[in-house]
Colleague: 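Below is the structure I would like to discuss, written out as structure tokens.
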There are 6 protein chains.
Amino acid sequence: MVKRGLIVGRFQPFHKGHLHVVKHILKEVDEIIIVIGSAQHSHQLDNPFTTGERLLMIRRALEENGIPSTKFWLVPVPDTHIHMLWVSQVIGYTPKFEIIYTNEPLTKRLFQEAGFKVKPLPFYKRKIYSATQIRNRLLNGEDWETLVPQAVADTIKEIDGVKRMQELAKTDKV
Amino acid sequence: MVKRGLIVGRFQPFHKGHLHVVKHILKEVDEIIIVIGSAQHSHQLDNPFTTGERLLMIRRALEENGIPSTKFWLVPVPDTHIHMLWVSQVIGYTPKFEIIYTNEPLTKRLFQEAGFKVKPLPFYKRKIYSATQIRNRLLNGEDWETLVPQAVADTIKEIDGVKRMQELAKTDKV
Amino acid sequence: MVKRGLIVGRFQPFHKGHLHVVKHILKEVDEIIIVIGSAQHSHQLDNPFTTGERLLMIRRALEENGIPSTKFWLVPVPDTHIHMLWVSQVIGYTPKFEIIYTNEPLTKRLFQEAGFKVKPLPFYKRKIYSATQIRNRLLNGEDWETLVPQAVADTIKEIDGVKRMQELAKTDKV
Amino acid sequence: MVKRGLIVGRFQPFHKGHLHVVKHILKEVDEIIIVIGSAQHSHQLDNPFTTGERLLMIRRALEENGIPSTKFWLVPVPDTHIHMLWVSQVIGYTPKFEIIYTNEPLTKRLFQEAGFKVKPLPFYKRKIYSATQIRNRLLNGEDWETLVPQAVADTIKEIDGVKRMQELAKTDKV
Amino acid sequence: MVKRGLIVGRFQPFHKGHLHVVKHILKEVDEIIIVIGSAQHSHQLDNPFTTGERLLMIRRALEENGIPSTKFWLVPVPDTHIHMLWVSQVIGYTPKFEIIYTNEPLTKRLFQEAGFKVKPLPFYKRKIYSATQIRNRLLNGEDWETLVPQAVADTIKEIDGVKRMQELAKTDKV
Amino acid sequence: MVKRGLIVGRFQPFHKGHLHVVKHILKEVDEIIIVIGSAQHSHQLDNPFTTGERLLMIRRALEENGIPSTKFWLVPVPDTHIHMLWVSQVIGYTPKFEIIYTNEPLTKRLFQEAGFKVKPLPFYKRKIYSATQIRNRLLNGEDWETLVPQAVADTIKEIDGVKRMQELAKTDKV
């Protein structure tokens, strides 16, 4: 029986902290399921990238780091906005899993109430490797490339992601 | 013809102020319809309890206070998020009613525009008997039990509600 | 610990077969939860009555038959239309239950997969006591009153339900 | 005070029967509100045209027939799929109206229950001037142009509507 | 071929700045499509007016200013809340257009990514002619009438809009 | 630049005809995007399997047939139910693609209107390799295993899929 662990994230964008987590989990399970949450959102300052773009950046980053594609599943899942339904939504969209890895209090609580085994994520320079931090740097023209895997940086450039974010950050309010 | 009055609340949780209101209204009408709003929400800091849990705590509290179950209706109603539809949603989910009791400006306005008779709720130590206040106390480990009917306190303990709220209040942000 | 059994139905309308089922279940559990499904629907030939009207007819019928209101819960639940979410939706809207009673294959399967104990409903003259049958009789002006509890017949008359159904059955197609 | 009458239709497509109805109603009221229902649907055999296309064909047809644009309102309204909400949805999307004109039993019933004055539409060669009939003719390559106002025929050709319908009618089933 | 330009706004309410924009655009295109966004919302402090009320105030204001109704389209469009779908939603609800006029960064970006020609709106005393500003003045009892076309002021009075806003602004929080 | 082709299917279940199509397309493009449509549905006679189950059966089948996982993308996409939004939904959920392969008339038409290159699928014994056919055989206890890749048959057995379908096919109607 294949043993699977699952993580949920928005990956806006996928960064080196995420990569560290994936590697860590793959030491404990056979396969990791990476749920791309808020799959329906994009073009927001907090959710700049589409699901298609996030699929691309994550898969390339994992391949680039020598993680065989047979070891991970990338599964976009749209929000339900209704917490009582969230665990069932995740179960319905994904191959069977045994463990969920999370530090996020709501996710932890919901899966625990549903009877799942929940394990914490290893911390890895969280002040630096944070998606919020990276989005701020993207907006402010500060260095962000060193915080993400090379393939993610390449993808963001390829889709002209910096310009998109900077345009979304403009305002027409006076 | 049975005369019914209706109130709308989220009852997160149901407290002694709510109980006071129910008793007050039952002096004026034959039956009270208690609409449990935002029925779809739970596991949020502002909406910690499920509809099932709220049904349980309200019915037990009313029974405990000698209000016969033939005098009240508990009706969960999910949000429409669209104000122009809200009155129709409430009408469709509930037995026919004549009066709506509310101090909430939006509810008051919507039902007035729809031609309903709207009456204010009696104030009852509102600074103390407030659901927001009680949730804060729950989180901070302060006394909250004296603010709710005994049956509500028992229900919250039975479902381990304090721990749920405290876990939801944690953060994984650095 | 209170032992609860749950049934799901649309109760369009509630009939003597349903009443028989409720009495049967109450021999096995302390309390019955009656989920009023498709709560959002009304004014359709298959779903003529609103949730408010169904609440009224069911509660009156149970009271009329001597079932104390402390023994049953009436809980309207709107459809999710997504089967993978249905069990969670029901769990979220209702007080905790141990057994679900159903003969409906989908409901049975979904709750079984979720680990619930599922028991069959007792058959009771099903060809006669059928909501579809009763709606047809209502439309065709045949006897329907003897198939429903007196309180249901009274409620349908009170809300002019026969006329509503007959009007909905008309067509403007040539 | 301006007196307004309202009709609801899908207008897939708008035909000479509809035109006849509009002229008839404008003899009784100052302004007609034409609600374009199922506004969200298109590219279905029963709903081939988008709302934008329907707006275009109706306005052109009315102008062509000398009905001043100050006399009519074209208002797209998406379905709620929930009958208890439909009247409120229509009220919220439209300028205030006094009368609704309809032969459709559900619409008639819903607006009557909401307290509106409902009047029947005049019949006008309904076997011929029927949107279903016209869609069938479009599909089968039979004459359909004489059943719609010239401007509608022109619009359908302009957007290549016949080809769209014929393509949608194909099947890849064996 | 008719050349059309499109603007999107919530028009809560339509003011003289909007009127200026409409006139400006009509110098460049044959027809303007005015998309009334957030069509589903009303009775909120930020969205006080229904779509029906907004249709009324805009059409009256344009007529009053001598803009023939053959030159503009008023098209209510409900939110999708999902940015990747917004451009398609607008396309589906409106007659074909060539140019979109906007200063709003998100709208600009989404339509540019979809390959549309996007042009900026002319600025016109934006600090004064701002819907937010006008709503604040309405609430505070300051002069707002001079900021909107006469017909808009009349419509707001006719529907008792000032009172609605002031009631919505009340609070029952202590 | 990577050249991608896209197909949309429900894959209830994935069969040898689908496999044939995937191999065919991979001769023409670098990567194939397999959109798992109606991702939200399961436990229906027409949609028996969850998205998670379909992901599992497709990936295993492709691996078993020597198609490297770097050559394909599996992307679940929920229905919009609104045809005007479907192409944008697919674009938002998937990596950039150039060609869509389909024989389905609606999909073909929608992508053509959106300016995409659409190519037909090669026919491959369609009367036999049909998901409808296979679901019927599953229900009737006829041979179905030879119509699907070995890995799909194994997955269906592993999740007890035959029993699920047979239970869903039962009826409680008399």
Side-chain angles (χ1 to χ4, degrees), chain B residues 1-2 4 6 30-31 33-44 47-60 62-64 66-80 85 87-98 151 154-155 158-161, chain C residues 1-2 4 6 30-31 33-44 47-60 62-64 66-80 85 87-98 151 154-155 158-161:
Chain B
M1 188 64 189
V2 180
R4 295 191 192 92
L6 180 144
D30 300 314
E31 298 177 359
I33 300 168
I34 300 170
V35 168
I36 301 179
S38 294
Q40 82 280 20
H41 283 312
S42 67
H43 296 85
Q44 299 175 326
N47 290 295
F49 306 116
T50 69
T51 284
E53 292 161 350
R54 289 179 274 166
L55 283 170
L56 210 55
M57 56 178 85
I58 299 172
R59 184 153 120 180
R60 285 175 173 176
L62 298 182
E63 284 173 1
E64 176 187 70
I67 299 168
S69 49
T70 50
K71 301 292 283 180
F72 62 87
W73 299 83
L74 298 184
V75 187
V77 180
D79 295 327
T80 62
L85 303 181
V87 173
S88 294
Q89 173 97 333
V90 170
I91 292 173
Y93 269 73
T94 54
K96 199 166 187 179
F97 57 94
E98 287 69 41
D154 291 348
T155 306
E158 192 180 307
I159 61 174
D160 208 4
Chain C
M1 186 66 188
V2 180
R4 295 190 193 94
L6 179 143
D30 301 314
E31 297 178 358
I33 301 168
I34 300 171
V35 168
I36 301 179
S38 294
Q40 82 280 21
H41 283 311
S42 67
H43 296 84
Q44 299 175 325
N47 290 296
F49 306 115
T50 69
T51 284
E53 292 162 350
R54 290 179 274 166
L55 283 171
L56 209 56
M57 57 177 85
I58 299 173
R59 184 153 119 180
R60 285 174 174 178
L62 297 182
E63 284 174 359
E64 175 186 71
I67 300 169
S69 50
T70 51
K71 301 293 281 181
F72 61 88
W73 298 83
L74 298 183
V75 187
V77 180
D79 296 327
T80 63
L85 304 181
V87 172
S88 294
Q89 173 97 331
V90 170
I91 292 173
Y93 269 73
T94 55
K96 199 167 186 178
F97 57 94
E98 288 69 41
D154 292 348
T155 306
E158 192 180 306
I159 62 174
D160 208 4

Colleague: Provide the closest heavy-atom pair for C:Arg59 versus B:Lys71 in the form atom of the first, atom of the second, distance.
Modeller: NH2-N, 4.3 Å

Colleague: Given a strict heavy-atom distance threshold of 4.5 Å, which part of B:Glu63 is in contact with chain C: side chain, backbone, both, or neither?
Modeller: side chain

Colleague: Using a 4.5 angstrom heavy-atom cutoff, name the option from C:Val75, C:Ile91, C:Ile36, C:Thr70 with the most pairs to chain B.
Modeller: C:Thr70

Colleague: With rounding to the nearest 0.5 angstrom, report the CZ to OH distance, C:Arg54 to B:Tyr93.
Modeller: 9.0 Å

Colleague: Examine whether an atom of B:Thr94 lies under 4.5 Å from a heavy atom of chain C, and if so say whether it belongs to the side chain, the backbone or both; otherwise answer neither.
Modeller: backbone

Colleague: Can you name the closest pair of heavy atoms from C:Gly92 and B:Thr50 and give their distance?
Modeller: O-CB, 3.3 Å

Colleague: To the closest 0.5 Å, what do you measure between CD (C:Glu158) and CE (B:Met1)?
Modeller: 5.5 Å

Colleague: Measure distances from B:Phe72 to the heavy atoms of chain C and classify the residue's part below 4.5 Å as side chain, backbone, both or neither.
Modeller: backbone

